Structure formats: structure tokens, C-alpha cells
A.B. asks: 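The structure is given below, and queries will be raised subsequently.
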Amino acid sequence: MLLDSFQHKGLRQRLLKALYGKGVNDERVLTAMGNVPRHFFLESGLDKIAYDDRALPIGGGQTISRPYTVGWQTQLLSVVQGEKILEIGTGSGYQSAVLCELGANVYSIERQSLLHGKAKSLLAQMGYHPNLVYGDGFEGLPCHAPFTKIIVTCGASHVPQSLLCQLAVGGRMVIPVGAGNSLYMCIFDKVSETEIRQTKLKECSFVPMLQGIS
Ligand code: SAH
């Protein structure tokens with residue numbers, strides 16, 4: 001049963017304050033994160049630390065991103081109501097839920113069938129209806145392109161050209177890129193069909209983006 005107690009709500013508010021102090025100051029993003037009980041996405045044994053600002057295991061050797069990272073990446077997306085957003089790395093489904101809260105039309109790809117299945121049933125139970133796809137994020141979703149925003153929640157060794165192709169003109173992709181443990185958050189703004197502007201932000205850490213499905 002999904003229970004969001006007063007204690008959970010209190011811990012969540014405290015977390016949001018901490019995130020504000022760290023620079024996640026977009027009120028819409030904080031409200032969205034305040035509406036999504038993070039502990040629902042974790043094993044019950046992790047209940048007590050679900051609102052710590054840290055990445056936590058979700059099975060399959062993967063992690064739910066640190067709340068600061070979710071807030072920061074979401075803030076960088078400047079989500080507009082109704083826009084089509086592609087997420088690479090559904091994982092627990094938490095980031096998808098936050099994007100749904102912001103009114104986005106969410107598509108999300110996951111390469112591990114177990115995680116895809118778990119996220120699908122949990123999000124439906126919570127009343128969210130993103131389009132969850134089991135597949136390889138390196139390919140994107142050409143049949144649903146273009147997307148006005150793309151968010152990659154795993155660390156890519158290179159920038160997938162297919163994703164840049166599936167980005168709408170005027171759109172933005174937020175993606176951690178780099179080798180091994182040295183990842184940097186990057187923004188790609190598609191200014192025109194032929195011009196893409198890249199901005200490299202600070203260092204970050206993510207599980208790796210892997211080829212193929214499992
Ligand atoms: N956004 C997730 C974060 C999960 S961690 C959340 O809110 O919980 C990153 C996820 O990316 C992992 O589940 C991993 O299996 C997935 N992943 C890694 N490479 C991928 C790829 N090529 N395509 C799709 N998903 C991928």
C-alpha cells in the first residue's frame with residue numbers, strides 16, 4: 001500500500017528547503033517535487049533515508065538520482081505545460097513523475113525490462129500516465145519525434161546524434177557527458193536546423209548509459 005504519512009511529508013519539506021539552499025529555486029519544480037512521494041520509488045527498507053539528498057539503489061545495479069540532481073536537471077529544462085519531453089533512463093520512474101506533475105507529455109525509455117515493468121505499474125498506481133518504452137535510449141524514439149526537451153539521466157560517453165536529430169528547433173537537451181567518473185552536465189540548444197549551441201556546466205555523477213537492452 002502506498003502511504004504518504006505526516007512524517008514523510010515533513011521530511012520532504014525539509015529536503016525541499018535544503019534543495020532551495022543549494023540553488024534549486026524554481027518554485028514550480030519544488031512544488032512538483034513536493035507532490036511526488038520519493039519513498040514510493042524505493043524499497044521499504046530505505047524509507048528512513050528516502051528524503052536524504054543522495055542517490056539510492058533501485059535494483060538492477062541502478063540508482064534513483066540524487067534529489068538535487070533531479071531538481072537541477074528539471075530546472076534546466078524549463079518545462080512548459082503540454083510539451084513533449086523525452087527522458088532516457090526511466091529507472092524508478094521518479095523523474096518521469098516529476099515531469100508529469102509539471103504538465104509535460106512524457107516519453108521515457110528504459111533498457112532494463114525489470115525496471116521498466118516496475119516503473120510502469122507504480123506510476124499507473126499513482127495516477128501518472130507517461131509513455132514508457134522498453135528499449136535503447138541511444139536510438140531515441142524517432143516515431144514520436146521531434147521533442148521540445150530531452151533529458152538524459154545516465155552518463156553518456158558521447159552525445160548520441162540520434163537524440164540531437166530528434167530535438168525540435170528551439171528545443172533543449174540536458175545530458176551528462178564524459179568518460180568514466182568524469183561527467184559534466186551539458187546543455188544542447190537547437191537554435192536552427194543547422195546550429196546547436198553547447199554549454200558545459202559543472203561536474204556530476206550518474207550510472208553509465210549502456211548500449212542495447214537487457
Ligand atoms: N531517471 C531515473 C534515474 C535512473 S538511473 C529515476 O528517476 O529513477 C539511470 C537509468 O538509465 C538506469 O535505470 C539504467 O538502466 C538506464 N539506462 C542506461 N543506459 C540506457 C539506455 N541506453 N537506454 C535506456 N535506459 C538506459
Side-chain angles (χ1 to χ4, degrees), residues 12 15 19 24 29 32-33 35-43 46 49-77 79 85-102 104 106-123 126 128 130-142 144 147 149-164 166 173-181 183 185 204-214:
R12 197 149 69 242
L15 170 65
L19 295 186
V24 179
V29 172
M33 290 179 73
N35 288 340
V36 182
R38 189 176 188 245
H39 66 282
F40 288 180
F41 297 82
L42 295 162
E43 295 297 333
L46 298 172
I49 53 171
Y51 295 98
D52 288 359
D53 189 15
R54 57 191 270 200
L56 290 167
I58 53 170
Q62 305 305 313
T63 55
I64 185 173
S65 302
R66 195 183 148 198
Y68 168 75
T69 306
V70 173
W72 182 38
Q73 274 195 297
T74 308
Q75 186 164 288
L76 289 171
L77 285 181
V79 178
I85 301 190
L86 175 64
E87 177 192 18
I88 308 301
T90 313
S92 67
Y94 177 76
Q95 173 76 67
S96 296
V98 171
L99 294 173
C100 287
E101 276 289 332
L102 285 163
V106 181
Y107 290 77
S108 181
I109 310 178
E110 172 57 51
R111 68 179 291 280
Q112 286 204 31
S113 70
L114 200 76
L115 293 174
H116 162 74
K118 265 170 79 174
K120 198 166 181 156
S121 74
L122 174 62
L123 289 171
M126 292 175 72
Y128 296 116
N131 305 281
L132 300 185
V133 177
Y134 169 51
D136 181 1
F138 274 105
E139 290 167 15
L141 284 178
H144 294 286
F147 298 93
K149 308 281 164 60
I150 299 179
I151 172 172
V152 180
T153 66
C154 38
S157 57
H158 64 279
V159 183
Q161 279 307 310
S162 53
L163 296 185
L164 286 175
Q166 290 170 37
M173 174 159 78
V174 178
I175 177 172
V177 191
N181 287 332
L183 291 165
M185 193 66 77
C204 53
S205 82
F206 281 85
V207 293
M209 183 168 179
L210 302 172
Q211 299 275 355
I213 52 173
S214 124

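All of these numbers come straight from a predicted model, not from anything done at the bench. Read the numbers this way: they start at 1 and go in the same order the structure lists the ligands and their atoms.
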A.B. asks: Heavy atom under 4.0 Å from ligand 1: found in L115's side chain, backbone, both, or neither?
C.D. replies: side chain

A.B. asks: Please answer whether the main-chain N or O of H39 pairs with a side-chain N or O of Y51 as donor and acceptor at a distance below 3.5 Å.
C.D. replies: yes

A.B. asks: List the atom of S96, the atom of E87, and the distance in Å for their closest heavy-atom pair.
C.D. replies: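 Of all heavy-atom pairs spanning S96 and E87, the closest is OG-OE1, 2.7 Å.
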
A.B. asks: Answer with yes or no whether V98 contacts ligand 1, where contact means a heavy atom under 4.0 Å from a ligand atom.
C.D. replies: no

A.B. asks: Can you list the ligand 1 atoms lying under 4.0 Å from a non-hydrogen atom of M209?
C.D. replies: 18 (C), 19 (N), 22 (N)

A.B. asks: Measure the spacing between CD of Q95 and OG1 of T74 and express it to the nearest 0.5 Å.
C.D. replies: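 Output value for this atom pair is 4.0 Å.
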
A.B. asks: Indicate, as side chain, backbone, both or neither, the part of Q62 found under 4.0 angstrom from ligand 1 when only non-hydrogen atoms are considered.
C.D. replies: side chain

A.B. asks: Considering only the protein, which heavy-atom contact is closest to atom 23 (N) of ligand 1, and what is its distance?
C.D. replies: G137 N, 2.7 Å

A.B. asks: For the residue pair H158 and F138, does the interplanar ring angle fall in the parallel (under 30°), tilted (30 to 60°) or perpendicular (over 60°) class?
C.D. replies: parallel

A.B. asks: Looking only at protein heavy atoms, identify the closest one to atom 7 (O) of ligand 1 and say how far it is in Å.
C.D. replies: Q95 N, 3.1 Å

A.B. asks: Within ligand 1, which atoms have a heavy atom of V207 less than 4.0 Å away?
C.D. replies: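 With V207 as reference, the close atoms of ligand 1 come out as 5 (S), 9 (C).
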
A.B. asks: Would Q211 count as being in polar contact with ligand 1, using the rule that some N or O on each side must be under 3.5 angstrom apart?
C.D. replies: no

A.B. asks: Just distances here: any N/O of I64 and N/O of ligand 1 closer than 3.5 Å?
C.D. replies: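 Among all N and O atoms of I64, none is under 3.5 Å from an N or O of ligand 1.
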
A.B. asks: Compute the shortest N/O to N/O distance between L210 and ligand 1 and return yes if it is under 3.5 Å, no if not.
C.D. replies: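 So ligand 1 has an N or O lying under 3.5 Å from an N or O of L210.
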
A.B. asks: Rounded to the nearest 0.5 Å, what separation is found between the CE atom of M185 and the OG atom of S205?
C.D. replies: 9.5 Å

A.B. asks: With a 4.5 Å cut-off on side-chain heavy atoms, are Q73 and T153 touching?
C.D. replies: yes

A.B. asks: Under 3.5 Å between any N/O of I88 and any N/O of ligand 1: does that happen in this structure?
C.D. replies: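 It does not: no N or O of I88 is found under 3.5 Å from an N or O of ligand 1.
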
A.B. asks: Can you tell which of T153, I151, I213 gets a heavy atom nearest to atom 9 (C) of ligand 1?
C.D. replies: T153

A.B. asks: Show your working on salt bridge (charged side-chain N to carboxylate O under 4.0 Å, His left out) between R111 and D136 and close with a plain yes or no.
C.D. replies: CA-CA 5 Å; R111 68 179 291 280; D136 181 1; 5.9 Å; no

A.B. asks: Would you kindly specify which portion of S96 sits under 4.0 Å from ligand 1, judged on non-hydrogen atoms: side chain, backbone, both or neither?
C.D. replies: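 It is neither part, as no heavy atom is under 4.0 Å.
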
A.B. asks: To which protein heavy atom is atom 13 (O) of ligand 1 closest, and what is the distance rounded to 0.1 Å?
C.D. replies: E110 OE1, 2.8 Å

A.B. asks: Looking at CG of L56 and OG of S65, how far apart are the two atoms once the value is rounded to the nearest 0.5 Å?
C.D. replies: 10.5 Å

A.B. asks: Are E101 and Y128 close enough, and set up right, to give a side-chain contact (heavy atoms from CB on, under 4.5 Å), and what steps lead you there?
C.D. replies: CA-CA 8 Å; E101 276 289 332; Y128 296 116; 2.6 Å; yes

A.B. asks: Tell me the nearest of L42, T63, L56 to atom 4 (C) of ligand 1, using heavy-atom distances.
C.D. replies: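 When every heavy atom of L42, T63, L56 is considered, T63 comes closest to atom 4 (C) of ligand 1.
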
A.B. asks: Please confirm whether S108 approaches ligand 1 to less than 4.0 Å, judged on its heavy atoms.
C.D. replies: no

A.B. asks: Got the closest protein heavy atom to atom 8 (O) of ligand 1, with its distance?
C.D. replies: S92 OG, 2.7 Å

A.B. asks: What are the two closest non-hydrogen atoms of T69 and F206, and how far apart are they?
C.D. replies: CG2-CZ, 3.3 Å

A.B. asks: Return yes or no for this condition: an N or O of S65 is under 3.5 Å from an N or O of ligand 1.
C.D. replies: no

A.B. asks: Can you name the one residue among L163, I151, N131 that meets side chain to side chain contact (heavy atoms under 4.5 Å, CB included) with L86?
C.D. replies: L163

A.B. asks: Note the single closest protein heavy atom to atom 25 (N) of ligand 1, along with its residue, its atom name and the distance in Å.
C.D. replies: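 In this structure, atom 25 (N) of ligand 1 has R111 N, 3.4 Å as its nearest protein heavy atom.
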
A.B. asks: Quick one: nearest non-hydrogen protein atom to atom 11 (O) of ligand 1, plus distance?
C.D. replies: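 Here the closest protein heavy atom is G89 CA, 3.2 Å.
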
A.B. asks: If you look at every heavy atom in M209 and P160, which pair is closest and at what distance?
C.D. replies: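 Shortest heavy-atom separation between M209 and P160 comes out as CE-CG, 4.1 Å.
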
